[in-house]
Amino acid sequence: MLLEGKRGLVVGVANKRSIAWAIAKKASDEGAQVALSYQNERLGENVAELATDLKDPLLVQMDVGSDSQIVMAFEELRKHWDRLDFLVHAVAFAPRHALNGRYVDTSRHDFRVAQDISAYSLAALSRYALPMMTAGGSILTLSYLGGERVVPHYNVMGVAKASLESSVRYLAYDLGGMGVRVNAVSAGPIKTLASSGISGLGSMLRHHRSRAPLQKDTETEEVADAAVFLISPMGRGITGQVIYVDGGYNIMAD
Ligand code: 0WE
């Protein structure tokens, strides 16, 4: 098994369709002990129910927008584990109206929120994870092509993903000497809680299917497989990278 004896925290599970959940489940199936964080009591019920599918799970409450909650969550982790081997960051947020109009109209507040929750949180979580990664480790985040190229309506989230991908490189540089790798998986569009209700998702999925070299939707399981590979010792030579799991869509000009 790829993650035999490893321990990891997965941040960003909301429900059974979450990419974070697929990664947590696969990591557990590959022998890892997994801790799931949940943002609030409401989502906690869902997450606790999902966690019954994991081998020896831990649950911690953490809203990544709160420094004190990050501190408390890692204190809680430390009570149970003396070491952490991987961290999965699968969190993003921008106020809904910012994903609807024009980027040029983005308010200072919405820009700040998108950066704070979607990009800064990776650096903050990495900082607290690091002292526990005493045998090296692997940090993984999720990105999207809209961070590199214009995807209509992705707007301020695109700018936040650009910041996140740059953070991956700076963190990889900072943490490399401690044997900690930092990477991102850039997934094709997938229907999850985060993308449901986005107007035009259906036509985006059809467009993706018709243009991607693999001529199919990106599946959550494909993203989870790549994530587990990057987390595992199989990925030991890879850091600072953005790996595309999008059926090859990103290589196309049109
Ligand atoms: O990163 C994302 C979505 C992240 C996201 C989703 C929401 C919806 C609910 C961030 N903030 C919010 N805020 C809410 O209030 N994706 C990669 C999925 C996504 O979102 C899009 C996409 C795709 C693909 C938005 C516009 C266009 C395409």
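Numbers here simply count residues along the sequence, with the first being 1. None of these values were measured; they are calculated from a predicted model. Counting convention: from 1, in listed order, for ligands and their atoms alike. All heavy atoms count here, side chains included; hydrogens, waters and symmetry mates do not.
The side chain to side chain contact (heavy atoms under 4.5 Å, CB included) with L36 is formed by just one residue from the set V47, V60, V11, L9; it is V47. Across V88, V34, V185, V13, a single residue satisfies side chain to side chain contact (heavy atoms under 4.5 Å, CB included) together with I23, and that is V88.
In this structure, P213 and M252 have side chains that are in contact, with non-hydrogen atoms separated by less than 4.5 Å.
Side-chain N/O atoms of E148 and Y244 include a donor and acceptor closer than 3.5 Å.
Looking at residues two or more places apart in sequence or on another chain, you find a side chain to side chain contact (heavy atoms under 4.5 Å, CB included) between E222 and K216, T218, E219, V245.
Within a 6.0 Å radius of CZ in R236, other residues, nucleotides and ligands contribute 12 heavy atoms or fewer.
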Check ligand 1 for close polar pairs with the protein: N or O on both sides, less than 3.5 Å.
{"unit_1": "ligand 1", "atom_1": "1 (O)", "unit_2": "Y154", "atom_2": "OH", "d": "2.6"}
{"unit_1": "ligand 1", "atom_1": "11 (N)", "unit_2": "A94", "atom_2": "N", "d": "2.9"}
{"unit_1": "ligand 1", "atom_1": "11 (N)", "unit_2": "A94", "atom_2": "O", "d": "3.3"}
{"unit_1": "ligand 1", "atom_1": "13 (N)", "unit_2": "A94", "atom_2": "O", "d": "2.7"}

